[in-house]
Amino acid sequence: MVLKAIYNCAQFVSPRKALRQENYSGETKDSDYFLTDDDGTGLADILVRLVSGVCNSQMTIQKQIQDINGKLVEDSALSNGWNFHNTISAGSTIGATATTAVDKDGKNGFTTTPIEIPFGSTPTVTIKETL
């Protein structure tokens, strides 16, 4: 069995690309994505604000099933119903539990949990699974 966790904080985009930005980073301007001038002026201010604050985001956990030969079984319903108990080192926070299920796109084995990591920290995240 395979566990895959993805953590994503923020992305930058020019106004021309803003219409497509929410397709891959989130829907909330100035939280999921940030706009800059087309010539890049103002980018330094945005970067300073971001790197000096807490990154509030979410971690996506995907439970994947392997067959007896070690090959991944794509989109298996067996990946639903797994419980994950999450911990993170002091100074950061993470949702304590999460259970895999069918996501909004109809894919099996996904769950998300909120996570906050202060600037400059390198926390240790532990994810334990149970059925």
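FYI, side chains are in, hydrogens and waters are out, and symmetry mates aren't considered; it's all heavy atoms of this structure.
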Ignoring hydrogens and geometry, is there a side-chain-to-backbone donor-acceptor pair from [X] to [Y] under 3.5 Å?
| X | Y | answer |
| --- | --- | --- |
| Ser76 | Leu78 | yes |
| Asp105 | Lys107 | no |
| Ser79 | Ile65 | no |

Atom [atom1] in [X], atom [atom2] in [Y]: separation rounded to 0.5 Å?
| X | Y | atom1 | atom2 | result |
| --- | --- | --- | --- | --- |
| Gln66 | Lys71 | CD | NZ | 12.0 Å |
| Asn86 | Thr93 | CG | OG1 | 11.5 Å |
| Thr60 | Gln58 | OG1 | CD | 5.0 Å |
| Thr113 | Ile94 | OG1 | CD1 | 5.0 Å |
| Gln62 | Thr100 | CD | OG1 | 10.0 Å |

### Task
Just do the side-chain contact (heavy atoms from CB on, under 4.5 Å) check on Val125 and Met59 with the steps written out, would you?
CA-CA 11 Å; Val125 176; Met59 181 167 35; 3.9 Å; yes

### Message
Grouping I, L, V, M, F, W and Y whenever their side-chain heavy atoms are under 4.5 Å apart, do Phe110 and Trp82 come out in a common cluster?
### Response
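Not linked; separate clusters.
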
### Message
Quick one, Ile115 with Ile88, criterion side-chain contact (heavy atoms from CB on, under 4.5 Å). Give me CA distance, side-chain angles, the key distance, then yes/no.
### Response
CA-CA 9 Å; Ile115 188 169; Ile88 196 165; 3.9 Å; yes

### Query
Which heavy-atom pair separates Pro118 from Gly91 by the least distance, and what is that distance?
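Taking Pro118 first and Gly91 second, the nearest heavy atoms are CG-O, 3.1 Å.
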
### Task
Compare all side-chain heavy atoms of Thr97 with those of Asn83 and state whether any distance is below 4.5 angstrom.
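Not in contact.
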
### Message
Suppose we screen for side-chain contact (heavy atoms from CB on, under 4.5 Å). Which residues come up paired with Thr87, at least two apart in sequence or across chains?
### Response
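Applying side-chain contact (heavy atoms from CB on, under 4.5 Å) to Thr87 gives Thr126.
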
### Message
The criterion is side-chain hydrogen bond (donor to acceptor under 3.5 Å, both in side chains); which residues satisfy it with Asp75, sequence neighbours excluded?
### Response
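For Asp75 the side-chain hydrogen bond (donor to acceptor under 3.5 Å, both in side chains) partners, ignoring immediate neighbours, are Asn108.
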
